[in-house]
Amino acid sequence: MNAQRLKQVFDRLSEHHGPLNWWPGESGFEVMVGAILTQNTAWSNVEQAITHLKQANALAPERILALSPEDLGALIRPSGYFNVKARRLQSFCQWYLDQGGQEILSGWDTRVLRARLLSVNGVGPETADDILLYAFERPVFVVDAYTRRLFSRLGMVQGDEPYESLRASVEALIGEDVPMLNELHAVIVIHGKEVCRPRPRCNACVLLEECPTGQGLNRFPPKPRRSS
DNA sequence: ACCCAGGGTCATA
DNA sequence: TATGACCATGGG
């Protein structure tokens, strides 16, 4: 992974898709809820769930905790795994209030805040980094399936590296540039949704010209290794 | 009738 | 430490 190449890819994606002003959501808390609901789930489904929460005036930690698991599950049903996610949302909200809310949480160092987020049941590395970057504006790079697919197709990484390994290499090249980290993950996701499909049926990818002899394109998205 | 989507946890060997 | 099972809806 090379800094100049990364910047080149970023510039090209931004030129084509940006600026995106992520994350879609009106408040930090909405970002956090969306980050949990979008786990392994299409965003269009999450939008429906969030709409239901807003209609029920439930998009606040106290309100989510006040709902029964069944009622909360009914509201977020379109986002899939609704039983699991209802529990995860309530675990998260309980933690959020126990910690003292947005202002107190904002006072923590990024490393500390990340560790605390990861301690919540249902918050894994990607969800934690979504929240850190898009709700707390911390300089972290979010690794997701789109990132692995794109970078491996472009021959920039193997693709099956552990989460922390990929995150660290990109952060090392970009530094603490929050706006750039924000936009980079955003354009990778939009690019993945609109153009760079899992199976090689895309001929429209602006980056494909740069894929070594189409070899990158035919590479199936790799699965991450478990740990170090 | 498939395949896919902005993951994470838990049990088991 | 490493797999595998499981979670579930909606759109293409």
Side-chain angles (χ1 to χ4, degrees), chain A residues 13 17-18 20-25 28 30-53 69-95 114-135 140-153 159-167 170 181-202 204 219-228:
Chain A
L13 287 173
H17 299 286
L20 291 162
N21 295 336
W22 260 29
W23 178 289
E30 183 176 335
V31 170
M32 303 182 211
V33 169
I36 290 171
L37 293 182
T38 199
Q39 291 169 356
N40 203 37
T41 298
W43 182 252
S44 57
N45 290 25
V46 178
E47 284 182 313
Q48 300 180 45
I50 288 182
T51 297
H52 289 167
L53 289 173
E70 292 74 22
D71 288 348
L72 180 55
L75 290 174
I76 66 171
R77 193 187 50 146
S79 69
Y81 306 136
F82 56 86
N83 288 314
V84 171
K85 286 175 179 174
R87 207 178 336 112
R88 289 182 181 176
L89 276 183
Q90 292 192 316
S91 299
F92 178 80
C93 290
Q94 187 64 57
W95 169 85
R114 188 169 199 274
R116 293 192 175 217
L117 282 165
L118 289 173
S119 76
V120 181
N121 185 287
V123 178
E126 186 188 334
T127 305
D129 289 337
D130 279 335
I131 292 172
L132 285 168
L133 179 56
Y134 294 107
V140 301
F141 176 68
V142 180
V143 178
D144 64 353
Y146 290 130
T147 307
R148 290 180 187 279
R149 189 189 304 163
L150 178 65
F151 284 179
S152 67
R153 282 179 174 179
D160 65 344
E161 293 89 343
Y163 184 96
E164 291 304 325
S165 171
L166 284 175
R167 183 171 77 89
V170 173
L181 290 162
N182 180 318
E183 185 72 1
L184 176 58
H185 177 62
V187 293
I188 287 172
V189 172
I190 296 303
H191 178 77
K193 287 209 271 206
E194 296 184 354
V195 180
C196 218
R197 313 300 308 171
R199 310 242 174 213
R201 29 177 144 105
C202 101
R219 190 179 307 172
F220 194 78
K223 289 172 195 166
R225 278 176 295 185
R226 273 308 203 195
S227 66
S228 62

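Convention: sequence-line order gives letters A, B, ...; per-chain numbering from 1.
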Could you give the distance from CZ (R88(A)) to CG (L37(A)), rounded to the nearest 0.5 Å?
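So the gap between those two atoms works out to 10.5 Å.
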Under the rule for side chain to side chain contact (heavy atoms under 4.5 Å, CB included), what residues qualify as partners of [X], not counting sequence neighbours?
X	value
N83(A)	none
V31(A)	W23(A), Y134(A), A135(A)
F82(A)	I76(A), R77(A)

Given atom [atom1] of [X] and atom [atom2] of [N], what is their separation to the nearest angstrom?
X	N	atom1	atom2	result
D144(A)	dC4(B)	CG	P	17 Å
K223(A)	dC4(B)	NZ	C1'	13 Å
Y163(A)	dG7(B)	OH	P	10 Å

Under the side chain to side chain donor-acceptor pair (under 3.5 Å) test, residues paired with D160(A) that sit two or more places apart
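So D160(A) forms no side chain to side chain donor-acceptor pair (under 3.5 Å) with any residue.
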Partner set under side chain to side chain donor-acceptor pair (under 3.5 Å) for R116(A), not counting sequence neighbours
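Residues passing side chain to side chain donor-acceptor pair (under 3.5 Å) with R116(A): Q99(A).
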Mind checking salt bridge (Lys or Arg N to Asp or Glu O under 4.0 Å) for E161(A) and listing every partner two or more places apart, or none if nothing turns up?
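Expected list: none.
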With sequence neighbours excluded, what pairs up with F92(A) under the ring pair (Phe, Tyr, Trp, His ring centres under 6.0 Å) test?
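Only W95(A) meet the ring pair (Phe, Tyr, Trp, His ring centres under 6.0 Å) criterion with F92(A).
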Please work out which residues in residues 120-130 of chain A have a non-hydrogen atom less than 4.0 Å from an atom of DNA chain C and list them by number.
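Those residues whose heavy atoms fall under 4.0 Å from DNA chain C, taken from residues 120-130 of chain A, amount to none.
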Pairing of DNA chain B as dot-bracket, 5' to 3': ( ) intra-strand, [ ] crossing, | other strand, . unpaired, with Watson-Crick or G-U pairs under 3.5 Å?
.||||.|||||||
Base-contact (B) and sugar-phosphate-only (S) positions in nucleotides 4-12 of chain C, heavy-atom cut-off under 4.0 Å, - elsewhere
B--BBBSS-
Can you give the donor-acceptor pairs under 3.5 Å from side chains of residues 42-52 of chain A to other protein atoms, not counting sequence neighbours?
from: N45(A); atom 1: ND2; to: P78(A); atom 2: O; distance (Å): 3.1
from: T51(A); atom 1: OG1; to: E47(A); atom 2: O; distance (Å): 2.9
from: H52(A); atom 1: ND1; to: L75(A); atom 2: O; distance (Å): 2.9

Scan for side chain to side chain donor-acceptor pair (under 3.5 Å) pairs involving residues 120-132 of chain A, sequence neighbours excluded, and state none if there are none.
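Non-adjacent pairs meeting side chain to side chain donor-acceptor pair (under 3.5 Å): Q39(A)-T127(A), R114(A)-D129(A), D129(A)-Y163(A).
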How far, in whole Å, is dC10(B) from dA8(C) if one measures between their P atoms?
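Taking atom P in both dA8(C) and dC10(B), they lie 14 Å apart.
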